> 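Just passing along the structure, written as structure tokens.
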Amino acid sequence: KAESAGTWARSGEYGLSDMSTVRLEWDIAKAGRLYAAAWNALFASTNNGQTLTGIVNPAAVPGPMWPWGSSPVDPAPFAQYWLDDLGHRVVLFASPCFGLYYSFDGVNFTQHWPFTGYGNNFDNCISNVVVERGSKRVYFSTMKRVSGEPAHVYRSTCAWTPGSPCLSWEAANTGLPAGGDLVNAMASVSTGAEQDHLVSILHPVSSSAMETWMTTNGTNWSIRSTYMASQERHILYAAGQELFAGTLHALHSLDLGATWTSFTVTSEHVDVRAIYADPVRGKVYTANDGASAFGSEWNLTRWDRPPGG
């Protein structure tokens, strides 16, 4: 945890039984409450991670393996969204091959199996989950890879409303290439229109390119760009048409992924696994997966960033 821009102190991490934390997010409804989404469990803390309480699968040791033949990069299926203007929200979480967990209070979660077959059906192995901002439908991509089929993306057949989930699902992957690919990252963006507007990052198995795809009606996708990159790990929607993506280096787009620009420094380690854009301070932080033992490569970077710059 950082008390100031350059001073860090190690948190206690007491109660964290899963050592692979994949997402940290502040609770949008409860100030000072931090979610720590791990590979196989979900935790919460009210003291900056000094102590953590397991709220989904707290004794998560060991974590399950990915489905055979599946290789999503850094799946982090956690999301929280406002459902209305009255303070009602939903929190969504998934761990490998255990379906979807949802909560309307951020504390009590219900497990839901989207499809029959439980963990033996790899469509119940969710790698990304988002809520479309306009329609309030839940979308998720799965780890099921089938040769000759597009990446498996599903959406709820109706909107989620406060206290009322919509637990029927339909395919939402029309137009994605039929190469047995996986969606590595997915984000909901807002253009002011009350319609579905999603962006996804897909890495075709047949190339080393990162493909950006978009849907404006929720089911039919069209390609936005192809960028030569590997290890597509993360996508972050900032505001307007601004996106960030984590690959070997950090990428930035001001046109919803139609074009990307790489930003890095020579002393930065590769494989950007997390990005945080702070509009209040005008900063962007990136984190990667390692550092040099000799102090010549760094794990964290901070960039001065005016809004939209």
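The shown structure was predicted, so the numbers you read here are calculated from the model rather than taken from an experiment.
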> If I compare all heavy atoms of Gly148 with all of Ala178, which pair ends up nearest, and what's the gap?
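Minimum heavy-atom contact is O-CB, 3.3 Å.
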> Taking all non-hydrogen atoms of both residues into account, name the closest pair between Met186 and Ser141 and its distance.
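Scanning both residues completely, I find the closest heavy atoms to be CE-N, 3.8 Å.
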> Check Arg137 with Glu170, please: is the shortest side-chain N to carboxylate O separation under 4.0 Å?
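A salt bridge links Glu170 with Arg137.
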> Which atoms form the tightest heavy-atom contact between Glu211 and Pro177, and what is the distance?
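Answer, listing the atom of Glu211 first, then Pro177: OE1-CG, 4.1 Å.
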> Is Asp289 salt-bridged to Arg273, going by a charged N under 4.0 Å from an acidic O?
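Counted as a salt bridge, because a side-chain N and a carboxylate O are separated by less than 4.0 Å.
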> Taking the side chain from Asn47 and the backbone from Gln50, do they hold a donor-acceptor pair closer than 3.5 Å?
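Answer holds: yes.
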> Do Val22 and Val91 land in one hydrophobic cluster if side-chain heavy atoms of ILVMFWY residues count as linked below 4.5 Å?
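In one cluster: no.
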> Roughly how far apart are Ile126 CD1 and His152 NE2, rounded to 0.5 Å?
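Nearest 0.5 Å value for the CD1-NE2 distance: 13.5 Å.
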> Within the distance-only criterion (no hydrogens, no angle test), does the side chain of Asn124 pair as donor or acceptor with the backbone N or O of Phe115 below 3.5 angstrom?
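Checking the backbone N and O of Phe115 against the side chain of Asn124, a donor-acceptor pair under 3.5 Å is found.
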> Would you check if the side chain of Gln111 reaches a backbone N or O of Phe98 as a donor-acceptor pair within less than 3.5 Å?
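Yes; at least one donor-acceptor contact below 3.5 Å.
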> Evaluate the ring planes of Trp160 and Trp169, with Trp represented by its six-membered ring, and classify them as parallel (under 30°), tilted (30 to 60°) or perpendicular (over 60°).
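It falls in the tilted class, 30° to 60°.
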> Under 4.5 Å between any side-chain heavy atoms of Ser156 and Tyr139, yes or no?
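With C-beta onward as the side chain, the pair stays apart.
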> Under 3.5 Å, side chain of Asn121 to main-chain N/O of Thr116, donor-acceptor pair present?
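Confirmed, Asn121 side chain pairs with Thr116 backbone.
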> Can you give me the closest heavy-atom contact between Leu256 and Val199, atom names plus distance?
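So the two residues come closest at O-CG2, 4.5 Å.
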> Any side-chain donor-acceptor pair under 3.5 Å between Ser222 and Asn220?
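There is no such pair between these side chains.
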> Flag yes if Trp82 and Leu236 sit in one hydrophobic cluster, no otherwise; membership is Ile, Leu, Val, Met, Phe, Trp, Tyr, and two members link when side-chain heavy atoms are under 4.5 Å apart.
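Trp82 and Leu236: separate clusters.
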> Let me confirm one number: the SG-CE distance from Cys97 to Met143, rounded to the nearest 0.5 Å.
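Here the rounded value is 6.5 Å.
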> Distance from Ile235 atom CD1 to Thr212 atom OG1, nearest 0.5 Å?
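Ile235 CD1 to Thr212 OG1: 6.5 Å, rounded to 0.5 Å.
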> Under the side-chain contact (heavy atoms from CB on, under 4.5 Å) criterion, do Leu42 and Phe78 qualify, and how do the steps go?
CA-CA 9 Å; Leu42 180 64; Phe78 174 84; 3.8 Å; yes
> Are side-chain N/O atoms of Asp27 and Tyr35 paired as donor and acceptor at under 3.5 Å?
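Their side chains do contain a donor-acceptor pair, which is all the 3.5 Å distance test asks for.
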> Would you say the side-chain atoms of Asp123 and Thr142 include a donor-acceptor pair closer than 3.5 Å?
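There is such a pair between these side chains.
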> Determine whether the aromatic ring centres of residues Phe93 and Tyr102 are separated by less than 6.0 angstrom.
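Centroid separation for Tyr102 and Phe93: 6.0 Å or greater.
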> Does Val272 share a hydrophobic cluster with Tyr237, counting links as ILVMFWY side-chain heavy atoms below 4.5 Å and allowing steps through other members?
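Unlinked, Val272 and Tyr237 end up in two clusters.
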> For the pair Phe263 and Trp303, name the ring-plane relationship: parallel under 30°, tilted 30 to 60°, perpendicular over 60°.
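Plane angle over 60°, so perpendicular.
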> Check the pair Asp84 / Arg89 against salt bridge (Lys or Arg N to Asp or Glu O under 4.0 Å), numbers first and verdict last.
CA-CA 7 Å; Asp84 59 21; Arg89 50 79 179 269; over 6 Å; no
> Can you name the closest pair of heavy atoms from Arg305 and Ala238 and give their distance?
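Heavy atoms only, the tightest pair is NH2-CB, 4.1 Å.
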> Tell me yes or no: between the side chains of Asn299 and Asn288, is some donor less than 3.5 Å from an acceptor?
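There is such a pair between these side chains.
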> Verify, without hydrogens or angle tests, whether Ser45 (side chain) and Thr51 (backbone) share a donor-acceptor contact under 3.5 angstrom.
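Yes: the side chain of Ser45 pairs with the backbone of Thr51.
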> Distance alone, cut at 3.5 Å: any donor-acceptor contact between the side chains of Thr219 and Thr174?
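No pair is found: no donor N or O on one side chain lies under 3.5 Å from an acceptor on the other.
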> Side chains of His252 and Glu242 only: does a donor on one sit below 3.5 Å from an acceptor on the other?
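Looking only at side-chain atoms, Glu242 and His252 do form a donor-acceptor pair, the distance falling under 3.5 Å.
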> Under 6.0 Å between ring centres: does that hold for Tyr118 and Trp113?
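Judged by ring-centre distance (under 6.0 Å), Tyr118 and Trp113 do meet the cut-off.
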> Examine distances only and state if a side-chain atom of Ser253 and a backbone atom of Trp260 form a donor-acceptor pair shorter than 3.5 Å.
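Side chain of Ser253 to backbone of Trp260: no pair is present.
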> Is Val284 reachable from Leu254 through a run of hydrophobic residues whose side-chain heavy atoms are each under 4.5 Å from the next?
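No, no single cluster joins them.
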> For the atom pair OG1 (Thr286) and CG (Leu251), what is the distance rounded to the nearest 0.5 Å?
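Thr286 atom OG1 to Leu251 atom CG measures 11.0 Å (nearest 0.5 Å).
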> Cluster question for you: counting only ILVMFWY and a side-chain heavy-atom cut-off of under 4.5 Å, with indirect links fine, are Leu176 and Tyr154 together?
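As far as the 4.5 Å side-chain criterion goes, Tyr154 and Leu176 are connected within one cluster.
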> Evaluate the criterion side-chain contact (heavy atoms from CB on, under 4.5 Å) for residue pair Ser168 and Cys166; output intermediate values, then yes/no.
CA-CA 6 Å; Ser168 58; Cys166 178; 4.0 Å; yes
> Looking at Gly257 and Arg224, what are the two nearest heavy atoms and their distance?
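In this case the closest contact between Gly257 and Arg224 is O-CB, 3.8 Å.
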> Taking the side chain as C-beta and beyond, is there a heavy-atom pair between Lys136 and Leu83 under 4.5 Å?
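The answer is yes, as the side chains (C-beta and beyond) meet within the 4.5 Å cut-off.
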> Go through it in stages, so that I can follow the logic: the residues are Thr46 and Arg33, the test is side-chain contact (heavy atoms from CB on, under 4.5 Å), and I'd like the CA-CA distance, side-chain angles, deciding distance and then a yes or no.
CA-CA 5 Å; Thr46 56; Arg33 187 167 185 263; 4.3 Å; yes
> Is a donor on one side and an acceptor on the other found under 3.5 Å between the side chain of Asp278 and the backbone of Gly282?
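The answer is no, because no donor-acceptor pair under 3.5 Å joins these two groups.
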> Could you tell me whether the side chains of Ser103 and Asn108 share a donor-acceptor contact shorter than 3.5 Å?
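Absent: no donor and acceptor within the cut-off.
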> Quick one: pull up NE2 in His249 and OG in Ser262 and give me the separation to the nearest 0.5 Å.
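OG of Ser262 is found 5.5 Å from NE2 of His249.
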> Once you round to the nearest 0.5 Å, how far does NZ of Lys283 lie from OH of Tyr276?
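OH of Tyr276 is found 13.0 Å from NZ of Lys283.
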> Does Arg145 come within less than 4.0 Å of Asp181, counting only side-chain N to carboxylate O?
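Salt bridge flag = no for Asp181 with Arg145.
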> Would you check if the side chain of Gln80 reaches a backbone N or O of Trp26 as a donor-acceptor pair within less than 3.5 Å?
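Judged by distance alone, yes, a pair lies under 3.5 Å.
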> With side chain to side chain contact (heavy atoms under 4.5 Å, CB included) as the test, pick out the partner of Val138 among Val130, Leu167, Val131.
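It is Val131, the one option of Val130, Leu167, Val131 that forms the side chain to side chain contact (heavy atoms under 4.5 Å, CB included) with Val138.
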> Just do the side-chain contact (heavy atoms from CB on, under 4.5 Å) check on His234 and Ile275 with the steps written out, would you?
CA-CA 8 Å; His234 180 58; Ile275 303 172; 4.1 Å; yes
